[in-house]
Amino acid sequence: MSDPSMPSLPPEVEALLAEERPIPPVPPALHAATWERLGPVTQTAAVSGSAPVASSGLVAKLVVGVLSFSLGGAVVALLDRTVLAEARPAPQIVIVPAAPAVEAPVLEPTEPLAGKPVERAAVTPRPSRPAPKVEERSSAPATTLAEERAIIEVARTALARGQTADVLSAVAEHERRFERGQLAEERDFIRLQALVAEGNTSEASRQRQRFRERYPTSVFLPAIDEFGPHE
Amino acid sequence: MAEVSFESLYHQEFPYVVRSLRRLGVGPADLPDLCHEVFLAVFQKLNSYDPSRPVRPWLFGFAFRAASEARGRTHRRRETSDDALAEHPSLSDPHSSAESNLARTLVLEALSTLPEERRAVFILHDLDGCSAPDIASSLGIPLNTVYSRLRVGRGEMVAVLQARVRGGSAS
């Protein structure tokens, strides 16, 4: 509760603040779309069966980088139209090197989440410790990162649609232009998923081993162990 | 100690995070990206959260830092202050009256006049009802700093809101 030692605010100010205190509902589209954007990370943890763990700053940058632009425009559009659970237009897979691929949302038709039951944590006040710092941001030029994001988003969209040839094409494009880019880990993870999806077990095994060597602390490791292929 | 799943935390506290971001000056157009950033960071740090402690100040710390960093991105498209502050139709509570939505907008406008450090303290104390020690923990600042920022921030908010109220009455 707020500090009782602080003096009361004037009544007219208190009345205004009282209107602002209740937390209003949010657009279900925003709620659902954000959850969907978090999917690659949360599903990775779910596959591994592990609780969320603090991961490397690189992964934070990777996932934020890959996803931050790709769906933002789509969600804003949804906000403006207050659209929920409508079928999205089929995204076009186009490699756009210089700008975020905002026209290629990977939103699937979503179900309203507002009525979803949630379990409540047993939370009782007590002196708390400092919240962790948000991961540091990259110092790379924004344009370069945006170009990386655009290509990776093409790969991700193709992967979601099962178009493995397009995935591998986009991955190769990214590797050619940004071999050691900020999103290289995400790229290699996507490539591995595509290889597994198309049944190329020998190359997938090779890439999995390579991934382990390049990213020994990756949060994706449990996931790639799960979806194989296994030697 | 009860475990907190990320999913339950997300679905339970998503509206709070959205509102906190709005109070911190994040415009509707930036909400999707910032919400994503906040919960991504929350996911990665969830194992450091103690469920016996209040969750909202802990979450607010993520929202505050994300909003602060977003303000620093000069290359990002920013909305005009009016657009950012006016309550977006889809973010308004459909069950609220016009007066209530106006009051909310006035509060957001007044908050926007405060420096972000004092704004955060004011939000946590006077809107979220957090104790000063929880605010200190949430923002990682000394307790005395909380009190000093709160005293100054409250004075600024009162001055701005009273001026708006008088101006509105006069017009």
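Order of the sequence lines fixes the chain letters, A, B, ..., with proteins taken first and strands second; residue numbering starts at 1 for each chain.
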Q. Do the rings of A/W35 and B/F6 sit parallel, tilted or perpendicular, given the 30° and 60° boundaries?
A. parallel
Q.
Using heavy-atom distances under 4.5 Å, tell me whether B/V158 contacts chain A through its side chain, its backbone, both, or neither.
A. both
Q.
Heavy-atom pairs under 4.5 Å with chain A - which of B/M157, B/E99, B/Q162 has more of them than the others?
A. B/Q162
Q) Any Lys/Arg nitrogen of B/R104 or A/E20 sitting under 4.0 Å from an Asp/Glu carboxylate oxygen of the other? A) yes
Q: Decide yes or no for B/R154 and A/P7: does some side-chain heavy atom of the first lie under 4.5 Å from some side-chain heavy atom of the second?
A: yes
Q. Roughly how far apart are B/L161 CG and A/E14 CD, rounded to 0.5 Å?
A. 11.0 Å
Q.
Under the criterion side-chain contact (heavy atoms from CB on, under 4.5 Å), I'd like the reasoning laid out for B/F122 against A/L17: C-alpha separation, chi angles, the key distance, then a yes or no.
A. CA-CA 11 Å; B/F122 182 88; A/L17 296 179; 3.8 Å; yes
Q: Kindly indicate whether the side chain of A/I23, heavy atoms from C-beta on, has any atom under 4.5 Å from the side chain of B/R56.
A: yes
Q. At what distance, to the nearest 0.5 angstrom, does CG of A/L9 lie from CG of B/D126?
A. 5.0 Å
Q: Give, for atom CZ of B/F14 and atom OG1 of A/T34, the distance between the pair rounded to the nearest 0.5 Å.
A: 3.5 Å
Q) B/P32 versus A/R37: any side-chain heavy-atom pair under 4.5 Å? A) yes
(Q) Testing the basics here: between B/V107 and A/L16, what is the closest heavy-atom pair and its distance to 0.1 Å? (A) CG2-O, 3.6 Å
**Q.** A/E36 CD to B/H36 NE2 distance, which is reported to the nearest 0.5 Å
**A.** 11.0 Å
(Q) Would A/M6 and B/Y147 count as a side-chain contact (heavy atoms from CB on, under 4.5 Å) here? Give the steps. (A) CA-CA 9 Å; A/M6 298 303 290; B/Y147 284 116; 4.2 Å; yes
**Q.** Value rounded to 0.5 Å, distance of CG in A/L38 from CZ in B/F39
**A.** 8.0 Å
Q.
Given heavy-atom pairs under 4.5 angstrom as the criterion, report whether the side chain, backbone, both or neither of B/L127 touches chain A.
A. both
Q) Closest heavy-atom contact between A/P24 and B/P15? A) O-CB, 3.8 Å
Q. Non-hydrogen atoms of chain A under 4.5 Å away: do they reach the side chain of B/R23, the backbone, both or neither?
A. side chain
